[in-house]
Visitor: 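Quick one: the structure is below, and I'll ask about it shortly.
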Amino acid sequence: MIPLGLVVADTEAEGPGRRFALWVQGCPLRCPGCCNPELLPFRGGTPTDPDALVARILATPGIEGISLLGGEPTAHAAGLARVAAAVQAAGLTVMLYTGFTLDALRARGDADVDALLAACDLVVDGPYDRTQPDTTRRWIGSRNQGLHALTGAYDLADPRFHAGETLEIRLVGGEIVVNGWPWKGRGLP
Ligand code: SF4
């Protein structure tokens with residue numbers, strides 16, 4: 001089961017195009033100034049079956065992919081690898097945000113993490129550093145973080161990756177949910 005902290009089924013603020021974005025509950029890191037402190041504890045979240053999540057994603061019209069955020073997605077790699085592989089096989093793209101560097105993740109030799117990375121088209125890696133806010137690359141928090149195209153699905157020279165930040169504000173079940181940068185708020189899985 002995947003502990004979901006938040007789901008936004010159709011957003012343009014968490015990667016290229018319209019995307020199904022999901023935030024997992026739980027992160028082992030503690031980046032100062034983390035925008036998602038509610039998602040740091042490993043307790044909580046809504047336990048969600050990966051196959052049910054895939055079905056929900058594939059039933060969402062008009063999206064070009066999914067974005068995996070947190071929390072720390074690689075801390076929930078087994079379930080997310082299953083989701084990522086299934087949606088990628090169905091023709092959608094997968095974007096992953098991780099607080100670890102790609103090199104560190106690959107050096108672990110963790111089969112679940114490797115499987116997750118194998119199903120990713122885009123990876124934003126490295127811890128958020130609030131002293132280095134990134135004002136030129138869209139969808140990326142700080143300048144120390146990397147953006148990697150692991151497949152040919154995206155060209156990082158695409159102007160969409162360098163446009164200004166996107167901020168979305170929506171009312172979900174009586175709560176205000178803000179997506180983009182900075183993210184503050186809660187939503188309903
Ligand atoms: S990796 Fe992300 S969720 Fe975890 S502490 Fe850093 S900014 Fe927050």
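Nothing here was measured: the structure is a model prediction, and the numbers come from that model. We count ligands from 1, going down the list as the structure has it; atoms in each ligand are counted the same way. For this chain, numbers begin at 1 and follow the sequence in order.
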Visitor: Test your reading of the model: is there a side-chain donor-acceptor pair from T60 to the backbone of A9, 3.5 Å cut-off?
Guide: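 Here the side-chain-to-backbone pair does not exist.
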Visitor: What protein N/O/S atoms are found closer than 2.8 Å to atom 4 (Fe) of ligand 1?
Guide: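 Listed by chain and number: C27 SG.
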Visitor: Pick out which of D134, T131, D129, D125 makes a side chain to side chain contact (heavy atoms under 4.5 Å, CB included) with N144.
Guide: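 When D134, T131, D129, D125 are each tested with N144, the side chain to side chain contact (heavy atoms under 4.5 Å, CB included) holds only for D129.
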Visitor: Without hydrogens or angle criteria, can the side chains of R19 and T93 be said to hold a donor-acceptor pair below 3.5 Å?
Guide: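 Note: R19 and T93 side chains meet the donor-acceptor criterion.
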Visitor: Run the numbers on D114 and R108 for salt bridge (charged side-chain N to carboxylate O under 4.0 Å, His left out), then give the verdict.
Guide: CA-CA 9 Å; D114 290 344; R108 276 190 205 175; over 6 Å; no
Visitor: Within the distance-only criterion (no hydrogens, no angle test), does the side chain of R138 pair as donor or acceptor with the backbone N or O of F161 below 3.5 angstrom?
Guide: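 Checking the backbone N and O of F161 against the side chain of R138, no donor-acceptor pair under 3.5 Å is found.
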Visitor: Donor-acceptor pair, distance only, cut-off 3.5 Å: does the side chain of D10 make one with the backbone of R18?
Guide: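 Checking the backbone N and O of R18 against the side chain of D10, no donor-acceptor pair under 3.5 Å is found.
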